[in-house]
Novice: 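Once you've had a glance at the structure underneath, I'll fire off some questions.
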Amino acid sequence: MDEGMPLLFEEFTLNPSRPIYEQFVEQIRARIVSGIIPTGQRLPSVREFAADKRVNPTTAARTYQELERSGLIVTYRGQGTFVTGDMEIIGKARAELARAAVQELKRTAKALGLSVEEMLELGEKED
Amino acid sequence: MESNNEGKEREAAVSCIDVSLTARKKTILNKVSFEVPKGTITGLLGPNGAGKSSLLRIISSLATASSGTVAIFGEPAGEAALRKLSLLPDRGGLPGWQTAAQWLAFAKGIYPDWDQVQCEQLTEDLKIASHTRISSMSRGEEARLQLLTCLSRTAPLVILDEPFTGVDMISREQIASTVVGALADGTRTFLIATHDIREMELLFDHLVMIGNGEIKAARKVDQLRQQGKSVEAFYREVFA
């Protein structure tokens with residue numbers, strides 16, 4: 001990438017038993033939402049991304065398609081692909097991630113037979 | 001007219017129907033049938049001695065099957081198909097007494113579809129030292145030079161037979177990156193035989209499993225992962 005902000009965490013390892021594009025989408029989405037990849041940042045081309053990560057080019061293309069569909073990245077013909085500058089879209093994606101995390105939290109609490117509040121309290125307690 | 005074009009679009013890069021090979025009463029390939037879809041990176045996977053190299057030699061028109069048919073982009077394999085494919089054979093055979101530059105100049109002369117611009121770009125990407133004598137290259141360097149030779153041609157089908165055997169990690173990574181880069185916009189098709197799955201599993205989109213001279217399975221990698229299976233796990237399932 002131009003300004004040296006990698007799309008993925010350095011130590012990011014892929015799980016070969018899950019669709020690879022899903023893992024890329026999750027990573028990049030989280031990095032856009034948290035601002036690690038700033039708005040307006042230019043992304044590498046699909047081909048560069050695939051060659052860099054040594055994945056099938058269709059995997060890279062699919063990753064970009066999914067991110068484009070959610071509006072987080074935008075492609076301008078002849079200019080390249082960029083992180084959206086639309087804060088509303090980024091806010092929406094952030095809310096979605098938060099909702100998913102809370103759902104997960106609720107599931108874990110339920111499995112432990114606790115309410116979310118009880119679990120948080122228990123989890124924060126020092127021994 | 002339109003349906004005609006569509007048919008062309010979907011035409012396989014390689015199509016094998018009931019390909020058998022017998023040598024000295026021994027069956028090496030037994031009614032092998034499969035297709036390599038155009039524009040894919042297809043992995044031909046199987047243990048050593050499964051018949052991968054024999055099959056690739058037949059597909060590359062370097063050997064003839066005892067029975068069955070092989071088509072390359074819809075045309076029968078044979079001398080005329082040679083211009084459509086570029087083969088990296090198992091165990092090199094580059095002339096050790098030449099330097100990389102001398103070899104590439106020679107290759108340029110023998111291949112009518114040589115692309116010099118591409119060759120120079122790849123020399124840089126693959127970090128080939130032009131003035132090193134081939135006999136004094138490491139296995140990794142020689143493998144990179146072989147790949148460079150293969151990809152400097154514009155042939156639409158690239159066949160790599162065990163491109164990673166004895167190759168160091170950095171060379172493996174460079175080879176994998178180069179293969180991805182060379183796939184361009186789906187105008188090329190790769191058929192790659194390997195028993196070294198971990199290196200390549202993220203590259204493949206199609207798999208053909210061969211064991212004891214027979215096709216054991218053919219799958220889309222996407223579908224495997226949707227079911228929570230890695231290429232490696234599937235390989236174990238097929239060959240365990």
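All values below were derived from every heavy atom in this structure, side-chain atoms included, with hydrogens, water molecules and symmetry-related copies excluded.
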Novice: Identify which part of F204(B) has an atom lying under 4.5 Å from any heavy atom of chain A, answering side chain, backbone, both or neither.
Specialist: backbone
Novice: Working to the nearest 0.5 Å, report the span between CD1 of I20(A) and CG of D222(B).
Specialist: 9.5 Å
Novice: Could you measure the distance from the CG atom of D205(B) to the OG1 atom of T58(A)? Nearest 0.5 Å is fine.
Specialist: 5.0 Å
Novice: Could you go through L203(B) and V55(A), starting from their C-alpha distance and side-chain angles, then the distance that decides it, and tell me whether this counts as side-chain contact (heavy atoms from CB on, under 4.5 Å)?
Specialist: CA-CA 5 Å; L203(B) 244 54; V55(A) 296; 5.6 Å; no
Novice: Please check if the number of heavy atoms outside Q116(B) that lie under 6.0 Å from its CD is greater than 12.
Specialist: yes
Novice: For S177(B) and D52(A), indicate whether the former's side chain and the latter's backbone hold a donor-acceptor pair under 3.5 Å.
Specialist: no
Novice: Tell me whether E121(A) at atom CD has more than 12 heavy atoms from other residues, nucleotides or ligands lying less than 6.0 Å away.
Specialist: no
Novice: State the CD-OG distance between E201(B) and S17(A), to the nearest 0.5 angstrom.
Specialist: 7.5 Å
Novice: Counting only non-hydrogen atoms closer than 4.5 Å, does A233(B) touch chain A with its backbone (N, CA, C, O), its side chain (CB onward), both, or neither?
Specialist: neither
Novice: With a 4.5 angstrom heavy-atom cut-off, which part of Q227(B) approaches chain A: side chain, backbone, both or neither?
Specialist: neither
Novice: Between R54(A) and chain B, with a heavy-atom cut-off of 4.5 Å, which part of the residue counts as in contact: side chain, backbone, both or neither?
Specialist: both
Novice: Which residues in residues 148-158 of chain B have any heavy atom lying under 4.5 Å from a heavy atom of chain A?
Specialist: none
Novice: Is it true that, when you exclude D125(B) itself, more than 12 heavy atoms of the residues, nucleotides or ligands shown sit nearer than 6.0 Å to its CG?
Specialist: yes
Novice: Is it the case that atom NZ in K92(A) sees more than 12 heavy atoms from other parts of the structure closer than 6.0 Å?
Specialist: no
Novice: Counting only heavy atoms not in K84(B), do more than 12 fall under 6.0 Å of its NZ?
Specialist: yes
Novice: Looking at R18(A), I want to see if its CZ is surrounded by more than 12 non-hydrogen atoms of other residues, nucleotides or ligands under 6.0 Å.
Specialist: yes
Novice: Rounded at 0.5 Å granularity, tell me how far CG in N56(A) sits from CZ in F190(B).
Specialist: 11.0 Å
Novice: Between R225(B) (side chain) and P16(A) (backbone), is there a donor-acceptor pair under 3.5 Å?
Specialist: yes
Novice: Could you name each residue pair satisfying side-chain hydrogen bond (donor to acceptor under 3.5 Å, both in side chains) that touches residues 62-74 of chain A, not counting sequence neighbours?
Specialist: Y21(A)-R62(A), E66(A)-R69(A), E68(A)-T75(A)
